[in-house]
Amino acid sequence: IFLLVTLSGCTVVGELQSKVLLRQANKLMERDTDVTQKWSDEFLEVFTPTNRAQFPANRDFLSTHARQITKLLDESSSLNRRAADKYEQAARLSSRDQRRRGLTSIASALRKSAEVNEMFKSLMQIVFDETVVDQKNFNQRFLNTAQQVQLKRREMDHYTEEGKRLLSL
């Protein structure tokens with residue numbers, strides 16, 4: 001009987017610790033939402049087809065914004081990875097298999113989000129690449145990378161939806 005009480009006590013403590021970790025992860029995700037809004041707003045405002053068509057004449061203008069966007073992308077990636085760590089820790093503490101799998105899927109989505117950010121950073125690096133000297137090459141590389149971003153976002157969305165389904169959200 002003592003063993004049963006101890007095991008059920010561990011389960012309760014684990015679930016409570018899991019909830020604390022999830023609250024922490026959600027706070028990180030809220031911060032990331034703000035950061036993502038900042039970089040995506042600036043990205044959409046600056047990297048318009050019109051501005052890209054003016055490359056390389058406006059390289060300095062684009063570079064200034066690319067540096068700022070890159071800083072925000074780094075911050076977002078860090079927040080995503082930290083939140084993913086919290087979700088994985090919470091998953092390990094969960095006693096229910098479906099919940100554990102759901103939390104793990106959400107963690108995977110957050111890691112994919114960090115990968116998407118890295119791909120956006122590679123978009124920003126095109127601006128700094130001195131071998132890119134004409135608008136056609138710039139746009140071609142830009143659009144190719146943008147397509148890869150969309151594929152990675154689909155993977156992220158898959159993990160998010162799977163996690164929500166398993167967690168009944």
Side-chain angles (χ1 to χ4, degrees), residues 21-91 101-169:
L21 288 164
L22 293 176
R23 273 196 300 276
Q24 292 170 348
N26 289 335
K27 285 181 183 177
L28 293 167
M29 291 168 60
E30 286 174 16
R31 287 178 43 204
D32 178 58
T33 298
D34 294 338
V35 172
T36 297
Q37 189 65 54
K38 287 177 188 173
W39 77 253
S40 61
D41 285 351
E42 186 166 358
F43 177 83
L44 292 171
E45 182 181 318
V46 173
F47 286 89
T48 63
T50 301
N51 284 342
R52 291 194 325 262
Q54 296 173 20
F55 187 86
N58 65 350
R59 187 188 299 261
D60 289 341
F61 167 77
L62 294 175
S63 294
T64 300
H65 290 280
R67 276 187 204 88
Q68 179 59 28
I69 291 168
T70 298
K71 287 178 189 174
L72 292 168
L73 286 164
D74 284 337
E75 184 178 351
S76 175
S77 292
S78 174
L79 291 166
N80 278 298
R81 285 190 293 271
R82 289 170 50 204
D85 288 344
K86 302 270 185 204
Y87 267 89
E88 288 168 347
Q89 290 172 22
R101 289 191 340 250
L103 294 172
T104 301
S105 287
I106 298 295
S108 294
L110 290 165
R111 294 204 186 280
K112 290 292 176 191
S113 181
E115 289 178 32
V116 166
N117 288 346
E118 291 304 311
M119 295 175 89
F120 270 105
K121 281 176 55 178
S122 72
L123 276 175
M124 299 300 97
Q125 292 307 310
I126 298 169
V127 174
F128 302 109
D129 186 345
E130 296 294 329
T131 65
V132 180
V133 293
D134 62 73
Q135 176 267 333
K136 181 181 177 188
N137 189 15
F138 176 77
N139 271 311
Q140 186 175 28
R141 288 183 57 189
F142 190 92
L143 294 173
N144 285 342
T145 303
Q147 286 176 335
Q148 293 171 2
V149 165
Q150 290 304 316
L151 293 173
K152 189 62 70 175
R153 275 196 165 158
R154 284 189 199 123
E155 289 179 45
M156 180 184 75
D157 291 343
H158 167 76
Y159 285 115
T160 300
E161 292 306 313
E162 180 70 6
K164 286 180 176 180
R165 184 185 66 76
L166 289 166
L167 296 171
S168 301
L169 297 178

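Numbering of residues begins at 1 and proceeds along the displayed sequence.
Each of Asp74, Leu73, Val149, Thr70 was checked for a side-chain contact (heavy atoms from CB on, under 4.5 Å) with Asn117, and the lone residue meeting it is Leu73. Between Phe55 and the choices Phe138, Phe61, Phe128, the ring pair (Phe, Tyr, Trp, His ring centres under 6.0 Å) rule is met once, by Phe138.
Among all heavy-atom pairs drawn from Pro56 and Asp134, the shortest one is CD-CA, 4.2 Å. Taking all atoms of both residues into account, the shortest heavy-atom contact from Leu103 to Leu22 is CD2-CD2, 3.7 Å. Closest approach of Ala107 and Tyr87 over heavy atoms only: CB-CB, 3.8 Å. Closest approach of Phe47 and Arg52 over heavy atoms only: O-NH1, 3.0 Å. Contact between Leu166 and Ser105 at its shortest, heavy atoms only, is CD1-OG, 4.2 Å. Scanning both residues, Gly163 and Ile106, for their nearest heavy atoms gives CA-CD1, 3.9 Å.
Using a 3.5 Å distance cut-off with no hydrogens or angles, the side chains of Asp41 and Gln37 do pair a donor with an acceptor.
Between Trp39 and Phe43, the ring planes lie perpendicular to each other; the angle is over 60°, past the 30° to 60° tilted range.
One finds a salt bridge joining Glu155 and Lys152 here, because a Lys/Arg side-chain nitrogen approaches an Asp/Glu carboxylate oxygen to under 4.0 Å. Between Asp129 and Arg59, no side-chain nitrogen of the basic residue sits less than 4.0 Å from a carboxylate oxygen of the acidic one, so the salt-bridge criterion is not met. Using a cutoff of 4.0 Å between basic side-chain nitrogens and carboxylate oxygens, Lys38 and Glu75 are not scored as salt-bridged.
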**Steps toward side-chain contact (heavy atoms from CB on, under 4.5 Å) verdict (Gln24, Leu21)** = CA-CA 5 Å; Gln24 292 170 348; Leu21 288 164; 3.7 Å; yes

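Glu45 CD to His65 NE2: the interatomic distance, rounded to the nearest 0.5 Å, is 7.0 Å. Residue Arg67 holds its CZ atom at 14.0 Å from CG of Leu72, rounded to the nearest 0.5 Å.
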